[in-house]
Amino acid sequence: MDIRYPVRKADGRDYKNYDELLTDIRKNAHGWWLLGVNRYWHGGIHVGMSSSPASVLDQETPEKSVPLQFMMDGEVVAWRVNRDYAAIECYQERPLRQSGTFLLVKSMYKPDGFIEADSVLLKSLRSKDWLSFAKRYNGKRQKGYDLKMEKNYNASL
């Protein structure tokens, strides 16, 4: 399955990894993808002159912008494009400008079957034997992966 980031570099090439993408995304004052500066989930990206200037549409030369792309193949199920930004009064020096523009894509992800094909992995995952799973998946030097799995599992309950 081909997975890619929604924005590309100014020259149109894809980012090689998440750290490289974050170098540009972090130029935004807030609203980082996948985790905002307030440490809450932030599933969207902000397209702007500070983080992804090549993707900002210029009315004079729209053909020069680098188009956004779906992260995975899918179908558009909902979208909205706002012409103007809403000004929100808040406790800052100036009003916060917000756009309700969004695009929602339905994608189907089919795992490669790696865990299902390994009976030890599957059994340890089903029985919540995090240490056995981590050792089988990552090897003997799994460095606390079992504890992270257990912590995240318990936090999701």
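Side chains included, hydrogens not; waters and symmetry mates left out as well; all remaining heavy atoms used. The chain is numbered in sequence order, starting from 1.
Taking each heavy atom of Ser124 and Ser132 in turn, the nearest pair found is CB-CB, 3.9 Å. Arg8 and Gly12 get closest at one heavy-atom pair: CD-O, 3.2 Å. Between Asn82 and Thr101, the closest heavy-atom pair is N-OG1, 2.9 Å.
Taking 4.0 Å as the cut-off between side-chain N and carboxylate O, Arg4 and Asp73 count as a salt-bridged pair. At a threshold of 4.0 Å, the pair Lys9-Asp11 does not count as salt-bridged, since none of the basic side-chain nitrogens sits closer than that to a carboxylate oxygen.
You'll find the side chain of Val81 stays beyond 4.5 Å of the side chain of Phe102, heavy atoms only. Leu131 is listed as a side-chain neighbour of Gln142, based on a closest heavy-atom distance under 4.5 Å. Residues Lys151 and Leu147 are not in side-chain contact: their nearest non-hydrogen atoms beyond the backbone lie 4.5 Å or more apart. Side chains of Leu104 and Trp79 form no contact here, defined as non-hydrogen atoms less than 4.5 Å apart. Considering only heavy atoms from C-beta on, Phe114 comes within 4.5 Å of Leu121 through its side chain.
Hydrophobic clustering places Leu21 together with Leu68 (ILVMFWY residues linked when any side-chain heavy atoms are closer than 4.5 Å, directly or through intermediates). Both Leu122 and Tyr153 belong to a common hydrophobic cluster when Ile, Leu, Val, Met, Phe, Trp and Tyr are linked at side-chain heavy-atom distances under 4.5 angstrom. Met149 and Val120 fall into different hydrophobic clusters, where Ile, Leu, Val, Met, Phe, Trp and Tyr are joined by side-chain heavy atoms under 4.5 Å apart, directly or via other members.
The structure places CD of Glu150 at 7.5 Å from CH2 of Trp130, a figure rounded to the nearest 0.5 Å.
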Between Ile115 and Phe133, does a side chain to side chain contact (heavy atoms under 4.5 Å, CB included) hold up when you go through it step by step?
CA-CA 10 Å; Ile115 293 173; Phe133 182 89; 3.9 Å; yes
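A parallel orientation is assigned to the rings of Tyr145 and Tyr137, their planes being inclined by less than 30° (bins at 30° and 60°).
Counting only distance, with no hydrogens or angles, the side chain of Gln69 and the backbone of Tyr5 share a donor-acceptor pair below 3.5 Å.
Atom CD of Glu63 sits in a crowded spot, with more than 12 heavy atoms from other residues, nucleotides or ligands closer than 6.0 Å.
With Arg136 as the partner, the salt bridge (Lys or Arg N to Asp or Glu O under 4.0 Å) test is satisfied by one option alone out of Asp129, Asp146, Asp118: Asp118.
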